[in-house]
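Naming: A, B, ... by sequence-line order, numbering from 1 per chain.
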Amino acid sequence: MDYQVVSVKQALSMPVGSAIEARGWARSRRDSKGITFIEINDGSRFKGLQLVVEAGAVPAETLEAVTTGSCIAARGQVTESPAAGQPVELKVEQIHVYGSADPAHYPLQKKGHTMEFLREIAHLRARSNTFGAVFRVRNALAFAVHQFFHERDFLYVHTPIITTSDAEGAGAMFHVSTLEPGQFPKTETGEPDWSQDFFEKAAYLTVSGQLEAEALALAFSKVYTFGPTFRAENSNTPRHLAEFWMIEPEMAFYDLKDNMQLAEDFLKYIIAYVMEHCEEDLAFFNQRIEPTVLQTLEHVANSSFEHITYTEAVNLLQKANRTWEFTPEWGCDLQTEHERYLSEELFKKPVIVTDYPKIIKAFYMRLNEDDRTVRAMDVLVPRVGEIIGGSQREERLDVLRARLVETGLPEEAYWWYLDLRRFGSAPHSGFGLGFERMMMYLTGMKNIRDVIPFPRTPGSAEF
RNA sequence: UCCCGGGUAGCUCAGUCGGUAGAGCGAGUGGCUGUUAACCACCAGGUCGCAGGUUCGAGUCCUGCCCCGGGAGCCA
């Protein structure tokens with residue numbers, strides 16, 4: 001007999017009577033006298049396929065090797081299930097065991113585990129319900145990002161991962177070098193002599209593709225990057241990784257208003273996409289991880305974002321009838337407690353705060369007429385905080401040079417960035433979205449280490 | 001990096017006043033004609049994070065270190 005090879009996802013919608021072969025990893029096994037139930041999952045869907053093996057259907061030694069965690073192929077007939085829990089199941093005629101798993105040592109049990117424990121077995125945790133759902137959503141979200149920009153004629157560009165320029169003078173960077181630690185060449189003054197290194201100057205892993213994206217936006221008008229970025233900060237929080245993915249659109253001829261509109265459209269689009277394509281996984285998150293996930297996502301998709309300036313935000317915070325750990329004061333950056341108050345308590349929806357004081361923002365943000373504030377925007381969302389940071393960029397050569405000097409950055413290192421203002425400069429804007437932050441927002445997962453397959457954090461890069 | 005909390009069986013945890021190490025789940029064995037985190041019975045399983053110290057005696061008290069979690073800072 002011919003058996004059609006199908007995924008578990010396909011198997012669950014096959015007509016009764018189909019002869020199929022399904023492959024997957026056994027999640028659970030229940031034995032009764034004369035009948036065995038095995039649930040397999042191949043990652044194609046949250047729900048698994050129930051295999052029903054009647055006594056004598058397959059050799060005893062084969063059935064014995066089908067343990068929790070083993071990988072098998074099963075052939076048989078799709079049948080209507082007489083019991084609750086699944087509409088169809090597979091009445092098994094043959095089983096092939098690709099690889100058994102010793103139940104005494106297989107670490108994933110049928111019962112729930114803590115996220116901390118699963119993190120220690122990151123090579124196996126994708127086989128659990130939670131992480132299966134997380135990484136399917138991650139895939140859908142990445143696809144939604146590309147689709148959004150391609151529908152709007154953006155060019156997907158690849159900015160370098162190894163860089164010799166420090167994007168904003170902010171954030172510690174990882175050195176990239178081929179020099180041997182023991183025989184590190186030194187200059188006459190005893191400093192490391194990077195001119196003898198591979199790139200003949202100090203090189204790092206990128207902290208942002210923005211500066212290069214600006215160069216490309218001033219040729220292709222609308223571009224976006226989507227790639228890994230690296231921060232060597234020693235920050236130990238549930239919201240930081242040393243290696244994370246960032247999406248950075250950059251648009252010529254966009255002012256801050258256009259930029260804000262794009263950010264709002266973008267967030268709504270990717271949320272709607274994931275809600276449409278990951279219904280089963282999101283339902284799981286809503287039930288087991290964070291009971292407000294669906295409600296919040298629907299709310300964001302259907303409400304317009306609040307817009308306030310930094311100065312207005314500080315006034316609102318000062319007027320708020322509550323005590324702060326850090327007193328809100330013009331000129332100081334908004335603290336986590338302030339951001340949470342604005343998005344979670346006062347407006348109860350995403351808030352875009354604009355026009356921050358120039359002293360707390362990067363040199364490349366466009367200076368306002370008041371000479372005190374810059375055209376920056378931060379999108380704050382409930383539960384996660386700052387999810388997007390962006391700005392209209394300074395396109396005026398003289399102003400940009402003055403800002404470089406003001407912030408103490410070496411002008412010569414930014415020669416090519418300044419060239420962009422010398423030759424055919426144009427107003428332009430862009431923003432950055434932390435992909436894993438967005439994942440936390442969509443799934444309700446509490447720790448950023450649990451929305452990326454193999455997280456890198458200080459002291460931790462095992463897998 | 002700073003401030004809190006934690007580390008005891010494969011997992012999740014309890015352990016009183018300093019006096020011979022406990023439970024549930026999981027694994028194993030047996031039972032049960034259809035289970036859904038199956039159920040019932042039995043059973044094995046321990047370098048109490050590591051290193052010192054106090055004590056007749058330390059899982060318990062003290063010191064240092066390591067790791068994990070929460071909060072903060074920095075940020076995406």
Could you measure between the two P atoms, the one in C40(B) and the one in G57(B), and give it in whole Å?
47 Å
Taking ring pair (Phe, Tyr, Trp, His ring centres under 6.0 Å) as the definition, give me every residue that meets it alongside Tyr341(A), ordered by chain and number, with sequence neighbours left out.
Trp324(A)
What is the distance, to the nearest angstrom, from the CZ atom on Phe326(A) to the C1' atom on C3(B)?
12 Å
Check the orientation of Phe363(A) and Tyr417(A). Use parallel for under 30°, tilted for 30 to 60°, and perpendicular for over 60°.
perpendicular
Within residues 445-462 of chain A, those residues having any heavy atom closer than 4.0 Å to RNA chain B are Asn447(A), Ile448(A), Arg449(A)
Can you name the residues that form a ring pair (Phe, Tyr, Trp, His ring centres under 6.0 Å) with His175(A), not counting sequence neighbours?
Trp194(A), Tyr204(A)
When rounded to whole Å, the CG to C1' distance for the pair Leu108(A) and A27(B) reads 14 Å
Taking all heavy atoms of Asn259(A) and all of Tyr254(A), pick out the closest pair and write down the distance.
N-CD2, 4.0 Å
Whole-Å gap separating P (G26(B)) and CG (Asp102(A))
17 Å
Rounded to whole angstroms, how far apart are CD on Gln109(A) and P on U12(B)?
9 Å
Tell me what Leu241(A) touches on the nucleic acid: a base, only sugar-phosphate, or nothing, going by heavy atoms under 4.0 Å.
base
In whole Å, I'd like the distance from the CZ atom of Arg119(A) to the P atom of C11(B).
16 Å
Quick check with a 6.0 Å cut-off and a 45 degree axis cone: is Arg456(A) positioned over the face of Phe454(A)'s six-membered ring?
no
Distances under 3.5 Å between protein N/O atoms and the N/O atoms of nucleotides 40-46 of chain B, please, pair by pair.
none

So that I can tick it off, tell me whether Glu337(A) and Arg340(A) are bridged by a salt bridge, with the cut-off set at under 4.0 angstrom between side-chain N and carboxylate O.
no
In numerical order, the residues of residues 124-146 of chain A whose heavy atoms come under 4.0 Å of RNA chain B are none
Short of 4.0 Å, heavy atom to strand atom, which residues of residues 332-343 of chain A count as contacting RNA chain B?
Gln335(A), Thr336(A)
Residue pairs involving residues 87-113 of chain A (criterion ring pair (Phe, Tyr, Trp, His ring centres under 6.0 Å); sequence neighbours excluded)
His96(A)-Tyr98(A), His113(A)-Phe117(A)
Using a cut-off of 4.0 Å on non-hydrogen atoms, how would the nucleic acid contact of Phe117(A) be classed: base, sugar-phosphate, or nothing?
sugar-phosphate
Which stems does RNA chain B form, counting runs of 3 or more consecutive Watson-Crick or G-U wobble pairs with both distances under 3.5 Å?
B:1-7 with B:66-72, B:10-13 with B:22-25, B:28-31 with B:39-42, B:49-53 with B:61-65
Got a donor-acceptor pair under 3.5 Å from the side chain of His240(A) to the base of C75(B)?
yes
Provide, to the nearest angstrom, the distance between the CD atom belonging to Glu386(A) and the P atom belonging to C74(B).
11 Å
Who pairs with His146(A) by ring pair (Phe, Tyr, Trp, His ring centres under 6.0 Å), at least two apart in sequence or on another chain?
Tyr156(A), Tyr224(A), Phe226(A)
For Gly331(A) and Ile359(A), work out which heavy atoms get closest and say how close.
O-CD1, 3.9 Å
A correct 5'-to-3' footprint of nucleotides 30-39 of chain B, with B, S and - meaning base, sugar-phosphate only and no protein heavy atom under 4.0 Å, is --BSBBBBB-
Tabulated below should be each protein N or O lying under 3.5 Å from an N or O of nucleotides 4-9 of chain B; please produce it.
none

Determine the minimum heavy-atom distance between Leu342(A) and Ala313(A), stating which atoms define it.
CD1-CB, 4.1 Å
Determine the interatomic distance between P on C11(B) and the same-named atom on G49(B); round to the nearest Å.
13 Å
Indicate whether any N or O donor in one side chain lies under 3.5 Å from an N or O acceptor in the other, for Thr373(A) and Asn368(A).
yes
Which part of the nucleic acid does Glu116(A) contact within heavy-atom distance under 4.0 Å: base, sugar-phosphate only, or nothing?
sugar-phosphate
Member of Ile452(A), Val451(A), Ile247(A) meeting the side-chain contact (heavy atoms from CB on, under 4.5 Å) criterion with Phe435(A)
Ile247(A)
Name the orientation class of the two ring planes belonging to Phe230(A) and Phe174(A) (parallel below 30°, tilted from 30 to 60°, perpendicular beyond 60°).
perpendicular
When you check the side-chain N and O atoms of Tyr364(A) and Glu214(A), is any donor under 3.5 Å from an acceptor?
no
Ignoring hydrogens and angles, state whether a donor on the side chain of Tyr269(A) or Gln147(A) is under 3.5 Å from an acceptor on the partner side chain.
yes
Give me each pair satisfying ring pair (Phe, Tyr, Trp, His ring centres under 6.0 Å) with a member in residues 17-69 of chain A, each pair once, sequence neighbours excluded.
Phe46(A)-Phe284(A)
From the set G69(B), U12(B), A72(B), return the single nucleotide nearest to any side-chain atom of Thr114(A).
U12(B)
I'd like the C1' distance from G46(B) over to G52(B), given in whole Å.
23 Å
